[in-house]
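Just so we're on the same page: letters track the sequence lines, and every chain starts at 1.
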2 protein chains.
Amino acid sequence: MADDLPKRCHDCLVRDTSLCASLCDSELAELGKLGRKVVVREGTVVTSEGDDNLLCANIVSGAIKLLKTTPDGREQAVGLLADGDFVGQPFADSGALTAIAIRNTELCIYPRSSFERAMADRPKLERALLERTMRSLNEARERQLTLARKSAKARVAGFLLGLMRDGNMGSIEVPLSRGDIGDYLGLTIETVSRQFTELKAAGIIAADRGGRTVAIHDRAALQSLAED
Amino acid sequence: MADDLPKRCHDCLVRDTSLCASLCDSELAELGKLGRKVVVREGTVVTSEGDDNLLCANIVSGAIKLLKTTPDGREQAVGLLADGDFVGQPFADSGALTAIAIRNTELCIYPRSSFERAMADRPKLERALLERTMRSLNEARERQLTLARKSAKARVAGFLLGLMRDGNMGSIEVPLSRGDIGDYLGLTIETVSRQFTELKAAGIIAADRGGRTVAIHDRAALQSLAED
DNA sequence: CGCTGCATTGAGTCGTATCAAAAATTGTGG
DNA sequence: CCACAATTTTTGATACGACTCAATGCAGCG
């Protein structure tokens, strides 16, 4: 381990899952000097659609939703980010989104200009960002299919299955309000709620605490519902 | 100009708009050796969802639609590509899509492995791909908003405006069938047709030749419709 | 001329949005 | 710990937009 590796990097929870995983300790030491840790409270608007697309940060812990807004004010979440994900678009000149923390979130923020320089010097870093960007693109395309073609029930079922991939166990914490889920799935609060109710009635899930804790009873049924 | 620059590169229509624009002549000479031109007929399936994600190519002329398919067979176009665009995802291991030529199309195809090697050697090429990928991501997110929240009329209006950006003039050729437009906008053929009819009735556009040639009479009206 | 494929038009249905109200949950101050 | 306010979720009634199914119109072509 490099002597000058900042402590916050060495102990970092996402040392091996974030973009930083592409760097060895000595490279990380240099990048580490550029970044600073920032903690934002749930609900904080981290950056906004009108802004200059300057944000570059790793999410150390927490979660962030990316939003687009129609001229008349309706919102659509176009992505959800969690631990280890990168926020921002170095080298892009447009396409800024609104980013809002949906939990208390710890960010490791870099000034865009110095982050761009760091990438130019370190091909592995740039490669890692390219691969991440492609994954995001594939997710965004998958979501086009969902938003354009799938029924409300299929969207909710797919959403729950997506949560199980990480949170896991038969029981999962839903980290979003009904409203946030609606934004993400392109549905209204009421429709999301009704789908939860119907899934409960069918014995496929059980829920309590205002529907924030969900137990999956019949995963196979969810799978098949998610396809319609 | 480098002596060994292949003629097909020097004369290439997209020398300055494709990924190749990031390369100088001597670099292009090397990359050029790896590629080969292929002409495919309209309707050709260039690559398919099940395949191995090996395709890497520049579109020299023509147009390609990228499709995803639901388990029960419905299609959703997740992107349209035109002259100068790049098809494929070097360094990505999943996320393959179906790509179908919607006109006779000329491709400059590279083997994925050698294209990856070329990118590793040439930072400018990799940077150019990163920037393109980010643009695609931004488009995909914009489309999420459209598909999730906008009315049929707004989608069709927005689609026509998008065509004007490139094809231009008051009059534009619609390069897609009603069915293809429906796939792209997440609508049925009938709904697309009805929207065209209503736009004609309102005097905002005029169309003939089975609706394949469209004249925009009131661009401002289209703009405002595209926002609902 | 009669195919064949695509676009248009029409009638009816279904799913989700909308509007409105009740119920459950969370948070706050006494 | 309880009472009360604020927020979120659930439930209900209704409306509307897009889909579905079906028929007709129109062009290109053998």
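- Side-chain atoms of Arg178(B) do not come within 3.5 Å of backbone N or O of Glu190(B) as any donor-acceptor pair.
- Remark: P of dT8(C) and CZ of Phe196(B) are 8 Å apart, rounded to the nearest angstrom.
- The shortest distance between the side-chain N/O atoms of Arg212(B) and the OP1/OP2 oxygens of dA7(C) is below 4.0 Å.
- A tilted orientation is assigned to the rings of Phe115(B) and Tyr110(B), their planes being inclined by 30° to 60°.
- Summarising the geometry, the separation between CG on Asp208(B) and P on dC6(C) is reported as 19 Å, rounded to the nearest angstrom.
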Polar atom pairs between nucleotides 23-30 of chain D and protein, under 3.5 Å, N or O only, would you list them?
none

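- No donor-acceptor distance shorter than 3.5 angstrom exists from the side chain of Arg212(A) to the backbone of Glu173(A), with no hydrogens or angles considered.
- With hydrogens and angles disregarded, a donor-acceptor distance shorter than 3.5 Å links the side chain of Thr188(A) to the backbone of Thr191(A).
- Rounded to whole Å, the distance from CD1 on Ile189(A) to C1' on dT8(D) is 8 Å.
- Glu198(A) places its CD atom 10 Å from the P atom of dT11(D), with the value rounded to the nearest Å.
- Without hydrogens or angle criteria, Arg219(B) side chain to Leu161(B) main chain gives no donor-acceptor distance under 3.5 Å.
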Within the 4.0 Å limit for protein heavy atoms, which parts of nucleotides 12-22 of chain D are touched? Write it as a string from 5' to 3', B for base, S for sugar-phosphate only, - for none. BB----SSBB-
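- If one axis is set at each end of the helix from dC1(C)-dG30(D) to dG30(C)-dC1(D) from five pairs, those axes are 30° apart, to 10°.
- Atom CD1 of Ile102(B) and atom C1' of dC6(C) are 16 Å apart (whole Å).
- Looking at heavy atoms from C-beta onward, Asn53(A) lies in side-chain contact with Arg112(A) at the 4.5 angstrom threshold.
- Residue Thr197(B) is in sugar-phosphate contact alone, with no base atom involved, counting any heavy-atom pair closer than 4.0 Å across all strands shown.
- Tested against Asp85(A) for a salt bridge (Lys or Arg N to Asp or Glu O under 4.0 Å), the candidates Lys65(A), Arg135(A), Arg132(A) yield a single pass: Arg132(A).
- Shown here is Arg36(A), whose CZ atom has no more than 12 heavy atoms of other residues, nucleotides or ligands within 6.0 Å.
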Residues Glu75(A), Thr98(A); criterion side chain to side chain contact (heavy atoms under 4.5 Å, CB included); working and verdict: CA-CA 10 Å; Glu75(A) 286 185 349; Thr98(A) 301; over 6 Å; no
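- In this structure, Leu199(B) places its CG atom 16 Å from P of dA7(C), rounding to the nearest Å.
- As a whole-Å value, the separation of Asp228(A) CG from dG15(C) P is 11 Å.
- Rounded to an integer number of Å, the gap from Asp183(A) CG to dA17(C) P is 12 Å.
- Without hydrogens or angle criteria, Asn104(B) side chain to Glu42(B) main chain gives a donor-acceptor distance under 3.5 Å.
- Under the 3.5 Å distance criterion, the side-chain polar atoms of Arg155(B) are matched with a main-chain donor or acceptor of Lys150(B).
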